[in-house]
Asks: 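First the structure, which I've put down as structure tokens, then a few questions once you've had a look.
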Amino acid sequence: MTEAASSGAALGAMSGLRVIDLTRVLGGPYCTQILADHGADVIKVEPPAGDEVRDWGPPFHDEDAAYFIGINRNKRSIGLDLASEGGRVVLLKMLETADVLIENFKPGTLEKWGIGNDVLREKFPRLVHCRICGFGADGPRGGNPGYDAIIQAMTGMIAATGSPESGPMRIGVPLVDIGTGLYAAIGILMALSERQRSGLGQFLETTLYETGLAIMHPHTANYFMHGKPPSLTGNEHPNLVPYAIFPTKTDNIFIGVGNDGTFRKLAKEIGKPELGTDPRFARNKDRIANREALRAELAAVFSQHEAEPLCNRLLAAGLPAGPVQKIDQALTNPHTIARGDIIEKDWYKGVASPIRLDRSKPSLRRLPPKFSQHSAEVLGEFGYSKAEIDAMVEQGTVCGPERKR
């Protein structure tokens, strides 16, 4: 991210878009941070107890967990009791000028409060209403809550991850939650694009369950083709060989070969061109059949090299290879620094938006908000006087800086 973008000098692609964000935890906030990084005015509406991931630590900064801080920059926070009639009146006022409403309440919650999608459609025909939930509103599990690890378990992800020695394992990154946030952002942008033609908003639903199924490639495609569930292959690929971790003199490296030509090039580059024409290894299906024999051949070669120089040489030759790095190594890597992938402002440090548009740059404009930090500012923009705001705080409709734990 450039200095100009970090200072807010460039307008983001989503500038002028107002998003009312009722989401908590990960999928929804991840989605709205994508939009906020690119200029959207995201108003994060938190319940009186706050977004629960504020407590998901240590580590903390001023009582807010790193988990919260990592997915809530560039947003303004207002604490609002939507279970009260007064809170819902304030929400409807904010929606008068909003483009997007995103929420992750259990299906039926907004309807119970009298502000379901039918009501919102009638009052705000241009509003894009996005719901993130576990399983959707219908089906045998309709309305059930969803959690990343549980969806990993239910969609075959855990059963396909791990080695015969380890047994099935949860993926260490919450891919389902993050993937759902990404799909929600894509869906919102699609709905906004369609609104340019129709003049109308629409309701869209993104579920953790469907996301879990959708990102199970190539395992779903393989199953549809041959009817066999995936076996546990550890770090290796079910469809490609070599595609695995190998030890070197220093650190482990990962080699990933996608076609026969690349394998022949790899064999030549490591001084073993005969492997590229060996009948056991010439084609990918042969390499799969002789996986262990090829692993032994490659391991013997790689054990004579140091990881970093070897990977640098292979990458320079256009071959897929990389050292297996820990997170501290990845974040301080010269390429990470050169690309501006780490952004900083005052005490805050985070990973920059990976969406790099040429003209409309992402920017770091606001630090992750404290709970209800912007209540007076936001409500003032919607026409509420200081006396009215003070009265709502006194009634508990609007929250002060203290959360109700």
Side-chain angles (χ1 to χ4, degrees), residues 156-166 168-169 171-173 175 179 214-327 329-330 333-336 339 354:
M157 205 170 293
I158 288 179
T161 304
S163 67
E165 294 74 25
S166 71
M169 297 189 70
I171 296 172
V173 174
L175 286 182
I215 63 177
M216 275 296 288
H217 185 81
H219 300 300
T220 49
N222 290 344
Y223 179 78
F224 288 141
M225 187 67 68
H226 59 42
K228 301 174 184 177
S231 58
L232 293 175
T233 58
N235 291 304
E236 301 200 15
H237 199 288
N239 296 71
L240 297 172
V241 173
Y243 201 100
I245 287 178
F246 292 89
T248 70
K249 276 185 178 180
T250 51
D251 298 305
N252 290 331
I253 62 172
F254 203 103
I255 301 291
V257 170
N259 58 62
D260 298 337
T262 300
F263 177 69
R264 289 192 292 272
K265 187 175 181 180
L266 172 67
K268 182 178 179 181
E269 190 66 32
I270 64 174
K272 299 283 285 185
E274 66 275 14
L275 294 179
T277 56
D278 189 315
R280 297 174 299 166
F281 312 135
R283 293 179 297 176
N284 185 63
K285 67 177 184 179
D286 303 321
R287 295 192 294 277
I288 289 177
N290 296 284
R291 186 187 297 262
E292 293 306 320
L294 179 58
R295 166 174 278 283
E297 293 276 4
L298 294 177
V301 175
F302 296 146
S303 67
Q304 304 303 308
H305 295 268
E306 294 184 351
E308 193 77 22
L310 174 62
C311 288
N312 288 342
R313 179 161 63 84
L314 295 178
L315 284 168
L319 291 164
V324 178
Q325 298 183 140
K326 295 180 180 179
I327 189 67
Q329 294 172 301
N333 186 278
H335 188 76
T336 302
R339 290 281 295 172

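This one's a predicted model, so the numbers in the text were calculated from it and none came from an experiment.
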Asks: Suppose we screen for salt bridge (charged side-chain N to carboxylate O under 4.0 Å, His left out). Which residues come up paired with Arg280, at least two apart in sequence or across chains?
Replies: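 For Arg280, the residues satisfying salt bridge (charged side-chain N to carboxylate O under 4.0 Å, His left out) (neighbours in sequence not counted) are Asp278, Glu297.
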Asks: Counting only heavy atoms from other residues, nucleotides and ligands, does the tally under 6.0 Å from CZ of Arg313 exceed 12?
Replies: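 More than 12 within 6.0 Å, yes.
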Asks: Could you grab the distance from atom CG of Leu310 to atom OG1 of Thr250, nearest 0.5 Å is fine?
Replies: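 Spacing of CG (Leu310) from OG1 (Thr250) equals 9.0 Å.
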Asks: Please report the closest heavy-atom contact between Ile253 and Ala307, naming both atoms and the distance.
Replies: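 Smallest interatomic distance, heavy atoms only, reads CG2-CB, 3.7 Å.
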Asks: Starting at CE of Met169, measure out to OG1 of Thr161 and round the result to the nearest 0.5 Å.
Replies: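 Answer rounded to 0.5 Å: 9.0 Å.
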Asks: Might you point out which heavy atoms bring Ala317 and Lys265 nearest each other, and give the distance in Å?
Replies: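 Taking every non-hydrogen atom into account, O-NZ, 2.6 Å.
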Asks: Once rounded to the nearest 0.5 Å, what's the spacing between atom CG of Leu319 and atom CZ of Phe263?
Replies: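 Here the rounded value is 11.5 Å.
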Asks: Locate the shortest heavy-atom distance separating Ile270 from Phe302; write the atom from each residue and the value.
Replies: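 Nearest pair, atom of Ile270 first, then Phe302: CG2-CE2, 4.0 Å.
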Asks: Specify the closest pair of heavy atoms between Thr248 and His305, including all atoms of both residues, with the distance to one decimal.
Replies: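 Scanning both residues completely, I find the closest heavy atoms to be CB-O, 3.2 Å.
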Asks: Could you tabulate the donor-acceptor pairs under 3.5 Å formed by side-chain atoms of residues 235-246, not counting sequence neighbours?
Replies:
{"from": "Glu236", "atom 1": "OE1", "to": "Arg291", "atom 2": "NH1", "distance (Å)": "2.7"}
{"from": "Glu236", "atom 1": "OE2", "to": "Arg295", "atom 2": "NE", "distance (Å)": "3.1"}
{"from": "Glu236", "atom 1": "OE2", "to": "Arg295", "atom 2": "NH2", "distance (Å)": "3.1"}
{"from": "His237", "atom 1": "ND1", "to": "Asn239", "atom 2": "N", "distance (Å)": "2.8"}
{"from": "His237", "atom 1": "ND1", "to": "Leu240", "atom 2": "N", "distance (Å)": "3.4"}
{"from": "Asn239", "atom 1": "OD1", "to": "Asn222", "atom 2": "ND2", "distance (Å)": "2.9"}
{"from": "Asn239", "atom 1": "ND2", "to": "Asn222", "atom 2": "OD1", "distance (Å)": "3.2"}

Asks: Step by step, would you call Leu298 with Phe281 a side chain to side chain contact (heavy atoms under 4.5 Å, CB included)?
Replies: CA-CA 12 Å; Leu298 294 177; Phe281 312 135; over 6 Å; no
Asks: I need the minimum non-hydrogen distance between Ala267 and Gly276, along with the two atoms involved.
Replies: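 Residues Ala267 and Gly276, closest heavy atoms: CB-N, 3.8 Å.
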Asks: Testing the basics here: between Gln329 and Val324, what is the closest heavy-atom pair and its distance to 0.1 Å?
Replies: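 Taking Gln329 first and Val324 second, the nearest heavy atoms are OE1-O, 4.4 Å.
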Asks: Using 0.5 Å steps for rounding, measure from the CG atom of Asn259 to the CG atom of Asn284.
Replies: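 So the gap between those two atoms works out to 9.0 Å.
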Asks: Decide if atom NE2 of His217 counts as having more than 12 heavy atoms of other residues, nucleotides or ligands within a radius under 6.0 Å.
Replies: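 Count not over threshold, so no.
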Asks: Any non-hydrogen side-chain atom of Ser163 less than 4.5 Å from a side-chain atom of Leu232?
Replies: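 In short, these two side chains do not touch, never coming nearer than 4.5 Å.
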Asks: Nearest 0.5 Å, what's the CD-OG1 distance between Glu269 and Thr262?
Replies: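 Glu269 CD to Thr262 OG1: 12.5 Å, rounded to 0.5 Å.
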